[in-house]
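Order of the sequence lines sets the chain letters (A, B, ...), proteins ahead of strands, with each chain counted from 1.
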There are 2 protein chains.
Amino acid sequence: MSTTGGVVRRSLLDDLATSMLALIAERKLAPGDQFEAVRSLAERFKVAVPTVREALRRLEATGAVELRHGSGVYVGPNVGRLVLANPLALAPSPDRLVELLQARALIEPPVAALAAQTRAEAALEQMAKDLDAAADLIASGDHAQLAEVNMDFHRSLAQASGNATLAEVVESVTVVNAREQLEILHIHGDRQADLDEHRAIYDAVRSGDADLAELLTREHLDGVLAVINERLQHP
Amino acid sequence: MSTTGGVVRRSLLDDLATSMLALIAERKLAPGDQFEAVRSLAERFKVAVPTVREALRRLEATGAVELRHGSGVYVGPNVGRLVLANPLALAPSPDRLVELLQARALIEPPVAALAAQTRAEAALEQMAKDLDAAADLIASGDHAQLAEVNMDFHRSLAQASGNATLAEVVESVTVVNAREQLEILHIHGDRQADLDEHRAIYDAVRSGDADLAELLTREHLDGVLAVINERLQHP
DNA sequence: ACATGAAAATGATCAGATCACTTGGTCATT
DNA sequence: AATGACCAAGTGATCTGATCATTTTCATGT
């Protein structure tokens with residue numbers, strides 16, 4: 001935001017972007033709904049098409065809208081979100097990877113404890129589905145897909161806390177190159193043990209045992225961290 | 001990322017954006033450095049100017065680059081960041097505000113404990129500066145500025161943990177409409193008490209007392225939360 | 001040295017055109 | 001009637017080329 005002596009100079013683009021967001025909010029459009037054609041927007045706001053497109057690209061970058069070729073402009077999944085993973089992040093260095101896991105090991109256990117107190121039902125069911133899916137994928141040997149589902153479990157767990165902001169934080173810190181993280185894990189980690197630990201966490205949350213949920217989550221992530229560290233030291 | 005049967009269709013824009021990021025990385029450019037002119041980029045990548053601009057807008061949205069009218073394209077402050085606050089977030093609802101504080105009350109205490117163990121020197125000095133600045137601003141009565149500096153203290157505290165990812169998380173969850181949060185606080189909160197609590201946290205971190213730092217941070221944020229809740233119930 | 005002001009560099013915006021993809025309907029085939 | 005091939009309209013993607021606005025640079029004159 002460029003300022004000069006406290007006075008904010010809003011460019012045409014700033015106005016456009018916020019106006020379009022306001023338009024989405026005004027029409028009460030939800031993620032997935034179709035928005036409005038580029039040409040139509042250009043006419044509505046009395047600006048040229050390239051200008052509209054630049055504004056849309058800005059919104060698109062944070063998942064506020066989606067541009068689908070040949071189809072239209074749609075409301076994106078991240079409208080109204082406060083915290084998000086940098087969609088442009090490049091593959092993290094090994095140091096950054098360890099740091100990321102440390103951050104998760106610090107944040108997720110208390111979130112699990114809160115989840116055990118709140119127990120948002122929809123999220124609990126999602127956790128159960130994630131566990132089932134993981135079991136299937138272990139059997140079928142699809143490790144890439146398994147990695148995704150395991151991450152989904154952690155996200156569902158955060159959802160169960162009932163705090164959308166916390167869920168966003170966990171989602172952000174969890175979505176960052178899941179591939180890289182779990183590439184390592186699935187070479188050297190014990191997939192079945194992972195699943196068992198997830199199941200234990202689920203049971204603790206389901207039964208409302210906050211202390212146990214926190215403890216199990218901490219042990220689980222510390223274990224993951226240990227595997228990663230070991231792997232990085234013996235490449 | 002649009003996929004069809006597992007095959008990723010990268011649009012020209014996707015390629016452009018990542019190529020430009022790679023170019024920045026390759027040249028080892030740091031935030032604030034000048035990048036390259038739009039027309040020059042268009043020529044380099046053999047695409048039209050509007051296309052380059054759309055890609056730049058995408059990067060700009062997450063703070064990877066900055067476009068300064070008449071001056072040039074510069075590397076932004078968020079290059080290489082993993083987690084960030086949604087720059088398009090609108091003012092959070094009261095519910096969302098409470099949720100945000102709850103998230104902070106959950107995350108920041110263990111971060112403070114870690115900071116007391118790590119004690120990154122540069123961040124400790126920054127904390128001291130923030131405290132001094134806050135004292136001055138209380139004296140001068142500049143509440144708006146005081147709100148900012150108080151947030152800075154929390155960010156510096158997270159920096160002291162030595163974990164950049166955690167610092168990013170705290171920064172993200174802290175930057176979201178500091179204005180709204182502290183508008184409430186500074187009408188009904190006790191500014192001097194706030195400062196004293198910050199000082200106590202600083203002392204605990206400085207002396208390496210992790211448990212105390214965690215406890216004080218928790219009490220501090222719970223206090224803030226109580227003020228916010230009270231304020232929202234009696235408008 | 002300093003201030004002034006023109007010139008160059010650069011981003012912002014516009015206009016109109018063409019290409020590429022998606023979608024829904026038509027229509028022949030089965 | 002169900003199915004599939006095909007076509008046409010709607011819409012995003014990209015290009016070309018120009019003009020305006022802001023910043024920076026630097027020669028010029030005092």
Side-chain angles (χ1 to χ4, degrees), chain A residues 1-5 7-20 23-24 27 29 31-77, chain B residues 1-5 7-20 23-24 27 29 31-77:
Chain A
M1 231 50 70
S2 63
T3 65
T4 303
V7 179
V8 179
R9 261 176 305 116
R10 298 183 57 79
S11 76
L12 180 54
L13 217 68
D14 292 331
D15 291 337
L16 250 188
T18 56
S19 293
M20 293 197 297
L23 198 55
I24 290 174
R27 294 180 183 173
L29 297 181
D33 289 349
Q34 187 159 9
F35 182 34
E36 192 172 323
V38 172
R39 291 169 177 81
S40 168
L41 287 168
E43 193 176 347
R44 170 188 299 278
F45 292 110
K46 307 294 182 197
V47 295
V49 167
T51 308
V52 170
R53 289 183 61 80
E54 284 188 30
L56 285 173
R57 287 301 180 194
R58 173 182 290 186
L59 301 188
E60 185 199 42
T62 57
V65 303
E66 277 179 18
L67 283 76
R68 300 186 199 157
H69 193 173
S71 180
V73 181
Y74 296 79
V75 178
Chain B
M1 223 54 70
S2 63
T3 65
T4 303
V7 178
V8 180
R9 260 175 307 119
R10 299 183 56 78
S11 78
L12 182 52
L13 216 68
D14 293 331
D15 290 337
L16 249 189
T18 56
S19 295
M20 294 196 297
L23 198 55
I24 289 174
R27 294 179 182 173
L29 297 181
D33 290 348
Q34 186 159 9
F35 182 34
E36 192 172 323
V38 172
R39 289 170 178 81
S40 168
L41 286 169
E43 193 175 347
R44 169 187 300 278
F45 292 109
K46 308 294 181 199
V47 296
V49 167
T51 309
V52 171
R53 289 184 61 80
E54 284 188 31
L56 284 173
R57 287 300 181 195
R58 172 182 292 186
L59 300 190
E60 186 198 41
T62 57
V65 302
E66 277 179 18
L67 284 77
R68 300 185 199 158
H69 192 170
S71 179
V73 181
Y74 296 80
V75 178

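- Rounded to a whole Å, the CZ atom of B/Phe45 is 20 Å from the P atom of D/dA13.
- Residues passing the side chain to side chain contact (heavy atoms under 4.5 Å, CB included) test with A/Ala37 are A/Ser40, sequence neighbours excluded.
- A/Glu36 is linked by a salt bridge (charged side-chain N to carboxylate O under 4.0 Å, His left out) to A/Arg27, A/Arg44, counting only residues two or more places apart in sequence or in another chain.
- Applying the salt bridge (charged side-chain N to carboxylate O under 4.0 Å, His left out) test to A/Arg39 and every residue at least two apart in sequence or in another chain returns nothing.
- Remark: A/Arg68 engages A/Glu66 in a salt bridge (charged side-chain N to carboxylate O under 4.0 Å, His left out) (not counting sequence neighbours).
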Protein proximity profile, nucleotides 5-18 of chain C - base contact B, sugar-phosphate-only contact S, no contact -, cut-off 4.0 Å on heavy atoms: ----BBBBBB---B
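- Legend: residues meeting salt bridge (charged side-chain N to carboxylate O under 4.0 Å, His left out) with B/Arg53, ordered by chain and number and at least two apart, are A/Glu54.
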